[in-house]
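Heavy atoms only: backbone and side chains are in, while hydrogens, waters and symmetry mates are out.
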Amino acid sequence: MGMLDGKVAIVTGAGRGIGREEAIQLASEGAKVIVNDVGAARDGAGADVHPAQQTVDDIKAAGGEAALNSDDVSSWSGAENLVKQAVDTWGQLDILVNNAGILRDKMSFNMDESDWDDVIRVHLKGHFAPTHHAAVYWRNRAKSGEDVTGRIINTSSEAGLYGNAGQANYGAAKAGIAALTWVLARELGRYGITANAIAPRARTRMTENLFGGLAAAEEGGFDAWDPKNIANLVAFLAAPESADINGQIFVVFGGNIYAMSAFQPMGQVTRDAAWTPQELIDAKGELFKGIDSGVPKFSFF
């Protein structure tokens, strides 16, 4: 018996890396999984369904149930087809894991318009479009009197939480996904739907040039960079027992999981009158009183 027996899940970008491990993990817990991936290269070019088909084959070989979907989730109609396939194939949808993404890292002054547009489209619209169609489906069920237990699990990034040079497009999209998660949690909770997000660190095609190289652990040792570590958290958030977790962002790396807080004041100045620029200069130490040096600094995890 698995904790997700009888559930139906969609995982986007599930041909490789984190998405693949998420799909396999959900299936191992009993979920039937739609494995979505267009098979594009890291920068979004090309298409190859073979990696996604391999994920499907591996799930089936392990005794699970899975089906392939190669729709573009950043397309409104593609996302609608994806949700429809899950419902038509297995009669329902319970879990949506939004994971698909691409990278086109450049400094802001070198970035082309297409680099910005495509990354924002694939990440941000690629999260919202499937979520929209899933939310319509779940809301209609709830309004008809059914008991809904929908789970939306988004994929943000520390680049979106803290910023990272050379990733204006990616960081902006990932910050948008964090904000989208909070909005969805507020909107959909009344219908029995939760929305949470992860900000993972793992060895994938998208991180192979980051962090100074991500070597695998020695044989028998714990591999902190293994994408499987991320999949465990996703299965936890998808479980019925996690119905009380909503609107949360989790940074996860290896065996370390951090439940992050939303923006919090670091200091304040208050009075019943407007501040002049000079007065604000004079009060700067009070405004940033919670910072040791008296002025804000960039904070990286």
Side-chain angles (χ1 to χ4, degrees), residues 12-13 16-19 37-47 72-76 78-79 97-132 152-184 195-214 225 227 230 247-253 258 260-266 288 291 295-301:
T12 71
R16 299 179 176 91
I18 293 173
D37 205 307
V38 298
R42 192 177 74 154
D43 64 357
D72 178 0
V73 294
S74 67
S75 156
W76 203 251
V97 181
N98 291 308
N99 171 75
I102 63 173
L103 270 185
R104 292 188 191 169
D105 290 354
K106 292 180 182 177
M107 300 298 283
S108 56
F109 41 80
N110 289 328
M111 190 171 291
D112 297 328
E113 182 178 9
S114 62
D115 295 326
W116 175 269
D117 289 348
D118 290 347
V119 170
I120 295 294
R121 173 180 55 80
V122 173
H123 284 278
L124 194 50
K125 187 177 179 182
H127 270 60
F128 180 71
T131 298
H132 164 80
I152 300 166
I153 303 165
N154 292 330
T155 307
S156 184
S157 168
E158 290 172 275
L161 302 181
Y162 306 110
N164 190 34
Q167 292 190 309
N169 48 6
Y170 180 77
K174 291 304 191 182
I177 287 167
L180 173 64
T181 301
W182 295 325
V183 171
L184 295 172
N196 295 288
I198 61 170
R201 281 191 236 166
R203 185 189 307 103
T204 70
R205 289 190 305 164
M206 294 181 67
T207 60
E208 61 187 3
N209 295 325
L210 302 176
F211 307 117
L214 311 178
W225 294 101
I230 313 303
Q248 302 301 310
I249 312 294
F250 298 88
V251 169
V252 53
F253 170 55
Y258 306 87
M260 309 301 290
S261 67
F263 298 109
Q264 298 290 337
M266 64 177 72
F288 298 110
I291 305 300
V295 294
K297 294 286 194 305
F298 287 117
S299 176
F300 294 97
F301 203 78

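- Under the salt bridge (charged side-chain N to carboxylate O under 4.0 Å, His left out) criterion, Asp115 pairs with Arg104, Lys106, sequence neighbours left out.
- Taking every heavy atom of both residues into account, Met260 and Gln248 meet most closely at O-OE1, 4.2 Å.
- Note that CH2 of Trp225 and CZ of Arg203 are 8.5 Å apart. Values are rounded to the nearest 0.5 Å.
- Taking every heavy atom of both residues into account, Ala173 and His123 meet most closely at CB-CB, 3.7 Å.
- Rounding to the nearest 0.5 Å places CG of Asn154 at 8.5 Å from CG of Asn196.
- By the side chain to side chain donor-acceptor pair (under 3.5 Å) test, Ser75 pairs with Ser77, sequence neighbours left out.
- Between Ala168 and Trp116, the closest heavy-atom pair is O-CZ3, 3.5 Å.
- Between Leu103 and Val119 the shortest side-chain heavy-atom distance does not fall below 4.5 Å.
- In this structure, NZ in Lys125 is found 11.0 Å from NE2 in His132, a value given to the nearest 0.5 Å.
- Not a single donor-acceptor pair under 3.5 Å links the side chain of Thr181 to the backbone N or O of Gly247.
- A pairwise comparison of heavy atoms in Pro227 and Ala202 identifies CA-CB, 3.9 Å as the closest pair.
- The two atoms that bring Ala178 and Ser156 nearest to each other are CB-OG, 4.1 Å, heavy atoms only.
- Rounding to the nearest 0.5 angstrom, the gap separating the OG1 atom in Thr12 from the NE2 atom in His127 is 6.5 Å.
- For the atom pair CD1 (Ile230) and CD1 (Ile18), the distance works out to 5.0 Å, reported to the nearest 0.5 Å.
- A search for side chain to side chain contact (heavy atoms under 4.5 Å, CB included) contacts involving Ala159 returns Ser157, Asn164, Gln167, Tyr170, not counting sequence neighbours.
- Rounded to the nearest 0.5 Å, atoms CD (Glu113) and CG (Asn169) are 12.5 Å apart.
- A donor-acceptor pair under 3.5 Å links the side-chain atoms of Thr155 to the main chain of Asn98, judged by distance alone.
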